[in-house]
Amino acid sequence: MSNIGSCYIHIPFCKKICSYCDFCKIFYNEKQISFYLDSLAKEIDDNYQGEVLDTLYIGGGTPSSLSLDDTKKLFSILTKLNLKKDSEVTIEANFDSITKEKIDSYVKFGINRISFGLESTQQWLLKIMNRDLDLDYVKEIVSYCKKVGISNINIDLMYGFQNETLEELEEDINFILTLDVSHISTYSLILEEHTKLFIDKEKSVSEDLDYAMYQFICSKLKDYDHYEISNFAKDKKYSRHNLCYWKNNKYYGFGLGASGYIDNIRYSNTRSISHYLKAKRRVFEEVIDNKALIEYEMILNLRTKFGIIKEEFKKKYGKSFFNFYNIEKLLSKGYLVEDKKSIYIPEKFWYLSNEIMVELLESECNG
Ligand code: SF4
């Protein structure tokens with residue numbers, strides 16, 4: 001049995017398609033869902049080796065778009081996965097499809113974390129995004145989650161749309177703060193090809209305003225622990241599942257378009273539902289050699305405030321990090337900081353992390 005501690009499950013169905021969305025999603029189709037869940041069960045049976053999982057993440061698409069019966073069917077499939085008493089079990093949900101009955105079924109299965117797509121509170125922006133949101137219902141649902149014991153709640157916020165102002169962004173953040181959730185994930189708009197926004201030639205804000213918005217978010221969320229470039233947590237309620245990715249750990253990915261990392265292979269499944277239903281799953285595999293493994297390790301680790309833990313790195317690769325990279329220049333510029341335990345990018349330079357990673361990759365030595 002390999003050392004896999006996490007599993008991602010993809011539920012691709014959405015009742016509405018957001019204008020900016022580049023994820024793997026398909027229109028909600030009740031008949032297809034039943035076949036999809038059967039195929040998902042088959043994929044799990046064909047691959048899962050019985051490892052005890054520390055985290056399970058049910059993402060989408062919109063998992064909360066499933067009917068109550070389909071949700072129960074999904075959970076009956078997932079009972080095959082071995083979870084611990086304290087495993088982190090997350091489901092993604094949207095406020096236009098979540099109900100109290102569905103939340104009750106989540107609790108019954110063992111979901112202990114919900115990640116809600118809120119994105120904005122501005123009606124004109126929601127219209128551009130093609131999303132619906134009733135702010136009173138948001139408050140009601142978040143307090144219901146807490147009442148039934150799901151206190152680990154994430155809210156997603158998007159920003160950076162053309163003509164969006166800092167005042168509007170402030171209203172969004174103020175609203176989210178009133179919800180008093182444990183985790184907030186923020187996303188600056190990226191106009192991906194093939195999305196409606198891209199085709200409609202919409203624009204995002206200027207680079208300067210995008211930077212100002214990012215800084216503004218960081219200052220407004222000062223009571224949260226800014227532990228990753230775009231993620232904020234309270235009471236150490238970090239996303240354990242995402243930390244698995246950022247620590248470059250192994251994980252299963254099951255479902256349409258899902259990606260996984262097992263046995264030194266990073267893979268992605270097909271985005272074609274007809275292929276997936278015929279069990280023609282993988283469309284991409286990358287064998288990770290030692291060089292690529294170290295590059296992934298570094299790039300992913302440096303996204304978080306924890307950075308590269310020097311001892312762990314040495315244990316994994318037999319040599320110190322300094323055998324692989326010459327980071328003196330980056331240290332002298334302050335882009336990287338070394339302390340007793342780790343090497344990390346200080347928060348004030350996270351906004352430049354892409355540039356810093358490129359410089360770091362160029363500083364590679366022979367090992
Ligand atoms: S709900 Fe999520 S997955 Fe579905 S279209 Fe919107 S952004 Fe994409």
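Start at 1 and go down the list; that is how both ligands and their atoms are numbered. Side chains included, hydrogens not; waters and symmetry mates left out as well; all remaining heavy atoms used.
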**OP:** Salt-bridge test for Asp225 and Lys305: reply yes if a basic N is under 4.0 Å from a carboxylate O, no otherwise.
**Re:**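 The answer is yes: the pair qualifies as a salt bridge.
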Original post:
Can we say Glu359 and Lys333 salt-bridge, meaning some charged N sits less than 4.0 Å from an Asp/Glu carboxylate O?
Top reply: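 The answer is yes: the pair qualifies as a salt bridge.
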**OP:** Answer with yes or no whether the side chains of Tyr276 and Glu43 bring together a donor and an acceptor at under 3.5 Å.
**Re:**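 Yes, side-chain donor-acceptor contact under 3.5 Å.
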**OP:** Check the side chains of Thr195 and Asp22 for a donor-acceptor pair under 3.5 angstrom, ignoring hydrogens and angles.
**Re:**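 Thr195 and Asp22 do not have a side-chain donor-acceptor pair below 3.5 Å.
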Which of the atoms of ligand 1 are close to [X], meaning less than 4.0 Å from one of its heavy atoms?
X	answer
Lys16	5 (S)
Tyr20	7 (S)
Arg131	1 (S), 6 (Fe)
Thr62	1 (S), 4 (Fe)

Original post:
For atom 3 (S) of ligand 1, which protein heavy atom lies nearest, and how many Å away is it?
Top reply: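 Closest protein heavy atom to atom 3 (S) of ligand 1: Gly61 N, 3.3 Å.
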Original post:
Nearest protein heavy atom to atom 6 (Fe) of ligand 1, by residue and atom, and its distance?
Top reply: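 Here the nearest protein heavy atom works out to Cys18 SG, 2.3 Å.
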Original post:
Has Cys14 got an N, O or S atom lying less than 2.8 Å from atom 4 (Fe) of ligand 1?
Top reply: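 Checking Cys14: at least one N, O or S atom is under 2.8 Å.
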**OP:** Would you please classify the geometry between the Tyr8 ring and the Tyr57 ring as parallel, tilted or perpendicular, with 30° and 60° separating the classes?
**Re:**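 Judged by the thresholds at 30° and 60°, the geometry between Tyr57 and Tyr8 is parallel.
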Original post:
Would you call the rings of Tyr238 and Tyr227 parallel, tilted or perpendicular if under 30° counts as parallel and over 60° as perpendicular?
Top reply: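 Answer is tilted, since the angle falls between 30° and 60°.
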Original post:
Is there a donor-acceptor pair closer than 3.5 Å between any side-chain N or O of Asp54 and the backbone N or O of Glu88?
Top reply: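 No, Asp54 side chain to Glu88 backbone: no donor-acceptor pair under 3.5 Å.
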Original post:
So, Cys21 and atom 8 (Fe) of ligand 1: N/O/S under 2.8 Å, yes or no?
Top reply: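 Checking atom 8 (Fe) of ligand 1 against Cys21, an N, O or S atom does fall under 2.8 Å.
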Original post:
Out of Asn130, Ile11, Asn94, who gets a non-hydrogen atom closest to atom 1 (S) of ligand 1?
Top reply: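 The option holding the nearest heavy atom is Asn94.
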